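Worksheet: one structure, shown below.
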2 protein chains.
Amino acid sequence: MASDTLDATFAALADPTRRAILARLAQGEATVMELAAPFAMSQPGVSKHLRVLERAGLISRGRDAQRRPCRLEATRLKTAMDWLADYRSYWEESYQRLDDLLGELEAGTSGAGEREVR
Amino acid sequence: MASDTLDATFAALADPTRRAILARLAQGEATVMELAAPFAMSQPGVSKHLRVLERAGLISRGRDAQRRPCRLEATRLKTAMDWLADYRSYWEESYQRLDDLLGELEAGTSGAGEREVR
DNA sequence: CAGTTCTATAACTAGATGGTTTTATACGTG
DNA sequence: CACGTATAAAACCATCTAGTTATAGAACTG
């Protein structure tokens, strides 16, 4: 609900590397090295992405000796999805709206000033 | 599905002004001036936000004399939601995982390695 | 045609972002 | 204790972002 939370969440999701990291974590915990492996990127580069994800609350980190295993935290994803869900009717209605429009055109109702489709 | 599409969509959503603009457009078409009114921001500032939204495919614009009415385009919102929906099980499972953890603690299974409570 | 309204463009600024390399820290192992 | 491994932090750089003001263009209005 907090605007800052949505800001940070959507911003974190707006990067393909970070989305790939989340996809990897969906399969289970992973260390920084494991997460970095698939990417042509330095380890500090990956660490910076992880910091972004952590500050957005999308991952959390444990401690296992020198390792800092990362784990997916899905509740912020739910928050983002809840925001998007408010718009669901707008894409679900699109077929209906198209039908309405086509109906009007056939009936010759078009041209009456400007007709808001939605 | 295209990574660039998700990049642009999530990046566009990562700003409270732009989310507010989308919320306003959910009530119907609006001109730039109408969209700018609620914000303590210059008109060019709002125009720049609209350009971001348009390039992300989240709005489209018509033409009505000098006005360029904006309209919500919801399909990219659906694309974003579809991406998030892949993670739905991870937040729906969280109660189950908590149950599992409490069960283990009761059974005295804690302390085997480290079980992160989070 | 002159003026007004609506919107976009240009040029600029401050700060954030995404990446790098280098260095430091923390922990386990010999 | 010395060394290797895993990660973070620092410093730096190029680019992007979000905002500004000032200006220009496009269309209506008188």
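Every heavy atom of this structure was used, including side-chain atoms; hydrogens, water molecules and symmetry mates were not. To find a chain, count down the sequence lines: A is the first, B the second, and so on, and within it residues start at 1. Everything numeric in this text was worked out from a predicted model, so none of it was measured.
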Would you mind building the protein contact string for nucleotides 25-30 of chain D? One character per nucleotide, 5' to 3', B for base within reach (heavy atoms under 4.0 Å), S for sugar-phosphate only, - for untouched. --BS--
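For D:dA18, one of the phosphate oxygens OP1 or OP2 lies less than 4.0 angstrom from a side-chain nitrogen or oxygen of B:Arg18.
Residues A:Met41 and A:His49 are in side-chain contact: their nearest non-hydrogen atoms beyond the backbone lie under 4.5 Å apart. Proximity of A:Trp91 to B:Leu72: side-chain heavy atoms (C-beta onward) are nowhere separated by under 4.5 Å. Residues B:Arg19 and A:Phe10 are in side-chain contact: their nearest non-hydrogen atoms beyond the backbone lie under 4.5 Å apart. Residues B:Asp7 and B:Asp4 are in side-chain contact: their nearest non-hydrogen atoms beyond the backbone lie under 4.5 Å apart. Looking at B:Leu13 and B:Arg18, their side chains never come closer than 4.5 Å, going by heavy atoms from C-beta outward. A:Arg71 has its side chain out of reach of A:Leu25: every pair of non-hydrogen atoms, C-beta onward, lies at least 4.5 Å apart.
Listed in residue order, the members of residues 32-50 of chain B having a heavy atom less than 4.0 Å from DNA chain C are B:Val32, B:Met33, B:Gln43, B:Pro44, B:Ser47.
In this structure a side-chain-to-backbone donor-acceptor pair under 3.5 Å is missing from B:Arg61 to B:Cys70. A:Arg63 places no side-chain N or O within donor-acceptor distance of the main-chain N or O of A:Arg68, the cut-off being under 3.5 Å. In this structure, the side chain of B:Tyr87 does not engage the main chain of A:Ala26 through any donor-acceptor pair within 3.5 Å. At distances below 3.5 Å, not a single donor-acceptor pair connects side-chain atoms of B:Asp64 with backbone N or O atoms of B:Arg67.
If you take CZ of A:Arg55 and C1' of D:dA9, they are 14 Å apart, rounded to a whole angstrom. Rounded to a whole Å, the CG atom of B:Leu13 is 16 Å from the C1' atom of D:dT17. Here D:dA8 presents its P atom at 12 Å from CG of A:Leu53, a figure rounded to the nearest Å. At whole-Å resolution of the value, CD1 in A:Ile59 and P in D:dT7 are 12 Å apart.
In the hydrophobic clustering of ILVMFWY residues, with side-chain heavy atoms under 4.5 Å counting as a link, A:Phe39 and A:Leu35 come out together.
On the nucleic acid side, DNA chain C contacts chain A at distances under 4.0 Å to non-hydrogen atoms, with the end points of that region at C:dG18 to C:dG28.
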